[in-house]
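Each ligand, and each atom within it, is numbered from 1 in the order the structure gives.
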Amino acid sequence: MTSSKSSILIIYTGGTIGMKTDAETGALVPFDFSAIYDEFPSLKRLNVDIDVQTMSPVIDSSNVAPANWLALARLIRDNYARYDGFVVLHGTDTMSYTASALSFLFENLAKPVVFTGSQIPIGVLRTDGRENLITAIEIAGARIDGRPAVPEVSLYFQNRLFRANRTTKRSAEALNAFRSYNYPPLAEVGVNIAYNLPAILRPSETASGTQLRTAERLADGIAIVKLFPGLNESVLRSMLSAPGLRAVVLETFGAGNAPTSEWFIRVLQEAIARGVIVLNITQCGGGKVSMELYETGLRLQRAGVLCGHDMTTEAAVAKLMYVLGQELPADRTLALLRKPLRGEFTA
Ligand code: ASP
């Protein structure tokens, strides 16, 4: 590690982490991150210079929409040259969606963008936010051999740093709320921060020193359809005939399996013939889709359903919005969906 100071921009978007208890009333009130050194004097001991920007308005992450993702990406792009790393404070509920979306929106990313939040407000005594925040800052500023230690979009929560587009919120209660079932942590935090260097994406040779680019558009018209025994033809047909529908994330059973009934395959084929993209991911948290394993998966493949491998729902939604937002010819769209763009699946 080098000893020169890293400069970090913290961007507060909203969520539980930004709350504290009012000493007089006991109510939760917003925490003022611009006074971060007053709140956490110990931060001065980290080898970083910190600036803070607060998104306006600050929102609960249930209200986050793709327009907020684009605004956040632009904010980072516009400040990219001035900082060594970025920490995004975000509500936990949709953090994996936002962080996945940002991983796709950035092209040529060569600096750390670390998302974090907390389950307990930062101004509450037993908060998990303080450790999450301080370690996220340390990771965003960390360098190994003079280069950023984790130059990708990541998510830090309770002692683990994950590739953002591999994460999913799994608990509304536990402090270790996030999981990355199909990809190992990028770092494990104990007494020291142990970086899992082989697992971390390296920017392409051309990325460092190259201007960061952000995509300007995200498509809408995406649906998630989760299979369950008893899903009937008219419900599925009406979902797949929704006006403006462009792509469906189909959450199938186990290793990518679905009913083999004639009506089921026909409804999918009709949608695909109308140009709707159907991407198969498993509704199991861990493991991957292998459509050639069982007859039930093979029939989907023959119907033109794409394999989503071991992608999370969050990454699948974000990737479809990003790829379709580019309005490319169908063959190029399919080619982008078939390959990992930001380490979001392992084939
Ligand atoms: N509802 C909050 C949010 O996602 C929860 C949290 O931050 O943990 O914005």
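- In terms of protein heavy-atom proximity, atom 4 (O) of ligand 1 is nearest to Ser61 OG, 2.5 Å.
- Side chain of Asp51 to backbone of Leu9: no donor-acceptor contact under 3.5 angstrom is found.
- Taking every heavy atom of Gly15 and a limit of under 4.0 angstrom, the matching atoms of ligand 1 come to 7 (O), 9 (O).
- Heavy-atom neighbours of Arg202 CZ from other residues, nucleotides or ligands within 6.0 Å: above the threshold of 12.
- Under 3.5 Å, the side chains of Thr214 and Arg77 contain a donor-acceptor pair of N or O atoms.
- Considering backbone and side-chain N/O of Asp93, one or more are found under 3.5 Å from N/O of ligand 1.
- A donor-acceptor pair shorter than 3.5 Å can be found between the side chains of Lys169 and Thr92.
- Of the protein's non-hydrogen atoms, the one nearest atom 8 (O) of ligand 1 is Thr92 OG1, 2.4 Å.
- With ligand atoms numbered from 1 in the order given, ligand 1 contributes 2 (C), 5 (C), 6 (C), 7 (O), 8 (O) to contacts under 4.0 Å with heavy atoms of Thr16.
- Because its NZ or CZ atom is both nearer than 6.0 Å to the ring centre of Tyr183 and within 45° of the ring axis, Arg163 counts as a cation-pi partner of that residue.
- Look at Ser118 and you'll find a heavy atom under 4.0 Å from some atom of ligand 1.
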